[in-house]
Amino acid sequence: MAGQGMAGQGMARQGDAVLIAAQSGRALAAAARRAGLRPFVADLFGDADTLALAAAHRLVTGRFGAGPGARSLLAALDDLAGAAGTPLGVVLGSGFEGAPALMAAIAARHRLLGAAPDCVRRLKDPLHLAGLCARLGIPHPPVSLAAVPDPESWLLKRRGGSGGGHIRPAPAGPPPPGAYLQRRVPGRALSLNILADGRALRVLAATAQWAAPTRARPFRYAGAVDPGDMPAPVRAAATAAVAALVAETGLCGLASADLAVDGETWWLLEINPRPGATLDVLDRRAAPLLARHIEAACGRLGPDLVPPADAAATRICYADRTLEGVPPLAWPDFVMDRPRPGSRIAAGAPVCTVRAAGRDAAAARHALAPRLAAVRALLPGAFLAVDRAHPAGRAGRDEASSAAETGWAAGW
């Protein structure tokens with residue numbers, strides 16, 4: 001029961017209920033509220049602001065994919081659907097890129113509002129995507145499931161991975177099961193954010209991303225800014241390339257294409273067939289993006305969306321040290337993904353997300369610095385004296401973070 005092909009059915013109206021499932025459902029819940037919808041959320045964290053936004057919430061245990069985590073999620077969605085009455089369907093966020101079978105199980109019980117399981121399978125299978133790119137003439141770094149003679153020129157990636165934390169330098173031997181190799185390419189990490197209806201697309205924005213590297217996770221995602229500085233020829237070529245992939249795979253809803261951009265040379269690294277980490281900076285258009293996502297999933301693409309005049313940026317704040325219990329705090333308004341009091345935050349796990357705005361991208365990124373400092377002052381036990389990340393899980397959060405999972409652009 002994927003949304004694609006159901007043109008004219010289930011268009012979002014004020015007060016409608018919508019199911020949301022994601023590793024963290026906060027951003028989608030906020031987008032639902034902006035669209036006038038009631039979000040019923042299943043996720044791995046249950047952050048304080050997620051609970052405040054949700055009409056109802058169910059905490060999912062385990063990992064998305066198969067086994068106990070899948071059973072927990074399916075039970076949570078069934079329970080939420082009963083509480084919601086007659087929801088429009090379910091919007092999926094992060095965590096399903098490597099789980100098309102779980103997506104199919106969800107689609108057998110609830111209407112999917114977004115990319116279909118087969119579309120996700122095709123786009124997230126590295127060999128299949130590489131074959132599509134070769135046939136359609138889209139620049140894409142070579143990939144391999146076997147050992148390569150020059151591993152220093154390659155990266156190790158997990159199939160269906162997201163967030164950059166799963167990316168490592170390639171090993172000397174073959175990749176382990178569930179992983180693949182992708183050749184390194186130079187350039188800046190930029191994304192083309194789109195809305196698609198399975199046949200055509202609208203470009204929302206180009207965004208720029210950057211990393212917060214650690215020794216173990218050198219490409220760990222840190223944040224993003226809208227707009228990103230994508231050269232006009234690259235934007236035009238990448239738009240045509242992604243449009244070809246939309247027509248080929250039936251991709252619908254909000255999605256993004258991760259690019260490495262070196263001058264006017266570019267490569268497509270990944271397709272993210274879902275609303276992504278940039279939703280917080282993108283959902284500033286006049287039309288609420290989740291309403292447009294649902295309409296596009298039902299076959300109605302709608303007009304272009306005019307970008308806002310200013311810029312916005314977000315940055316994930318990671319813990320340097322383990323904090324055994326988060327105290328009750330008066331979080332500033334610019335903090336999102338707020339851990340509940342008593343939550344345990346493991347070293348290396350995300351603490352929260354901060355956001356800022358400015359007249360342009362540079363000003364928005366600059367405005368993040370004092371806000372990061374304010375978070376550090378609230379939780380001094382979780383941080384070292386100096387922030388070692390690039391530009392400026394909680395008892396269960398560390399486990400959930402591992403389930404999620406710049407110099408060289410790597411893909412996010």
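Since this is a predicted model, take the numbers as computed values, not measurements.
Residues Ile106 and Leu73 are in side-chain contact: their nearest non-hydrogen atoms beyond the backbone lie under 4.5 Å apart. By the 4.5 Å heavy-atom criterion applied to side chains, Leu269 and Pro141 are counted as neighbours. Taking the side chain as every heavy atom from C-beta outward, Val143 and Leu127 approach each other to under 4.5 Å. Here the side chains of Leu378 and Pro332 are in contact, with some heavy-atom distance below 4.5 Å. Counting only heavy atoms from C-beta outward, the side chains of Lys124 and Pro273 approach each other to under 4.5 Å. Looking at heavy atoms from C-beta onward, Val90 lies out of side-chain contact with Leu80 at the 4.5 angstrom threshold. Side-chain contact between Leu181 and Pro171 is present, with at least one heavy-atom pair separated by less than 4.5 Å. Side-chain contact between Asp43 and Gln23 is absent, with no heavy atoms from C-beta onward closer than 4.5 Å.
Listed for the Asp125 side chain is a donor-acceptor partner under 3.5 Å among the backbone atoms of His128. Without hydrogens or angle criteria, Asp150 side chain to Glu152 main chain gives no donor-acceptor distance under 3.5 Å. Of the possible polar contacts, none joining the Arg13 side chain to the Leu37 backbone as a donor-acceptor pair under 3.5 Å is found. A donor-acceptor pair under 3.5 Å is formed between the side chain of Glu97 and the backbone N or O of Gly95. Side-chain N or O atoms of Arg220 include none that pairs as donor or acceptor with a backbone N or O of Gly164 at under 3.5 Å. Arg168 places a side-chain N or O within donor-acceptor distance of the main-chain N or O of Gly165, the cut-off being under 3.5 Å. In this structure, Arg33 contributes its side chain and Pro39 its backbone to no donor-acceptor pair below 3.5 Å. The backbone N or O of Pro339 sits nowhere less than 3.5 Å from a side-chain atom of Ser343 that would complete a donor-acceptor pair. Looking at Thr50, its side chain never comes within 3.5 Å of a backbone N or O of Gly46 through a donor-acceptor pair. At least one donor-acceptor pair under 3.5 Å links the side chain of Asp197 to the backbone N or O of Ala200.
In this structure, Ser191 OG and Leu259 CG are separated by 6.5 Å, a value rounded to the nearest 0.5 Å. Rounded to the nearest 0.5 angstrom, Leu19 CG and Arg58 CZ are separated by 11.0 Å. Atoms OG1 and CE, on Thr207 and Met230 in that order, are 7.5 Å from each other to the nearest 0.5 Å. Here the straight-line distance linking atom OH of Tyr221 with atom CD of Gln209 works out to 5.5 Å at 0.5 Å rounding. Within the model, atoms CG of Asp283 and CG of Leu28 stand 10.0 Å from one another, a figure rounded to the nearest 0.5 Å. For the atom pair Cys352 SG and Leu379 CG, the distance stands at 7.5 Å (nearest 0.5 Å).
Remark: Asp78 pairs with Arg109, His110 by the side chain to side chain donor-acceptor pair (under 3.5 Å) rule, at least two apart or across chains. With sequence neighbours excluded, no residue satisfies side chain to side chain donor-acceptor pair (under 3.5 Å) with Arg38. Judged as a salt bridge (charged side-chain N to carboxylate O under 4.0 Å, His left out), and not counting sequence neighbours, the contacts of Arg284 are Asp226, Asp310. Residues satisfying the side chain to side chain donor-acceptor pair (under 3.5 Å) test with Thr278, not counting sequence neighbours, are Asn193. A search for ring-ring contact (aromatic ring centres under 6.0 Å, His included) contacts involving Phe96 returns Phe64, not counting sequence neighbours. Under the side chain to side chain donor-acceptor pair (under 3.5 Å) criterion, Trp266 pairs with no residue at all, not counting sequence neighbours.
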Quick one, Leu201 with Val203, criterion side chain to side chain contact (heavy atoms under 4.5 Å, CB included). Give me CA distance, side-chain angles, the key distance, then yes/no. CA-CA 7 Å; Leu201 61 78; Val203 174; 3.9 Å; yes
Evaluate Leu254 against Ile194 for side chain to side chain contact (heavy atoms under 4.5 Å, CB included), listing each step before the verdict. CA-CA 6 Å; Leu254 293 167; Ile194 67 161; over 6 Å; no
Worked verdict on Arg135 versus Glu248 for side chain to side chain contact (heavy atoms under 4.5 Å, CB included): CA-CA 11 Å; Arg135 180 160 58 83; Glu248 182 76 25; 2.6 Å; yes
Go through it in stages, so that I can follow the logic: the residues are Trp154 and Arg184, the test is side chain to side chain contact (heavy atoms under 4.5 Å, CB included), and I'd like the CA-CA distance, side-chain angles, deciding distance and then a yes or no. CA-CA 5 Å; Trp154 295 73; Arg184 293 176 182 252; 5.7 Å; no
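When all heavy atoms of Pro175 and Leu156 are compared, the pair lying nearest together is CB-CD1, 3.7 Å. Scanning both residues, Pro186 and Trp267, for their nearest heavy atoms gives O-CZ3, 3.3 Å. When every heavy atom of Val281 is checked against every heavy atom of Ala224, the shortest pair comes out as CG1-O, 4.1 Å. When all heavy atoms of Ala21 and Leu77 are compared, the closest pair comes out as CB-CD2, 4.2 Å. Closest non-hydrogen pair, Ala356 versus Ala364, comes out as CB-O, 3.7 Å. Leu129 and His140 make their closest contact through CD2-CE1, 4.0 Å (heavy atoms, listed as atom of the first residue, atom of the second, distance).
Ionic pairing of Lys157 and Glu270 is present here: one or more N-O contacts between side-chain nitrogen and carboxylate oxygen are shorter than 4.0 angstrom. Between Asp47 and Arg26 there is no salt bridge, since no side-chain nitrogen of the basic residue lies less than 4.0 Å from a carboxylate oxygen of the acidic one.
Side-chain N/O atoms of Thr314 and Asp280 include no donor and acceptor closer than 3.5 Å.
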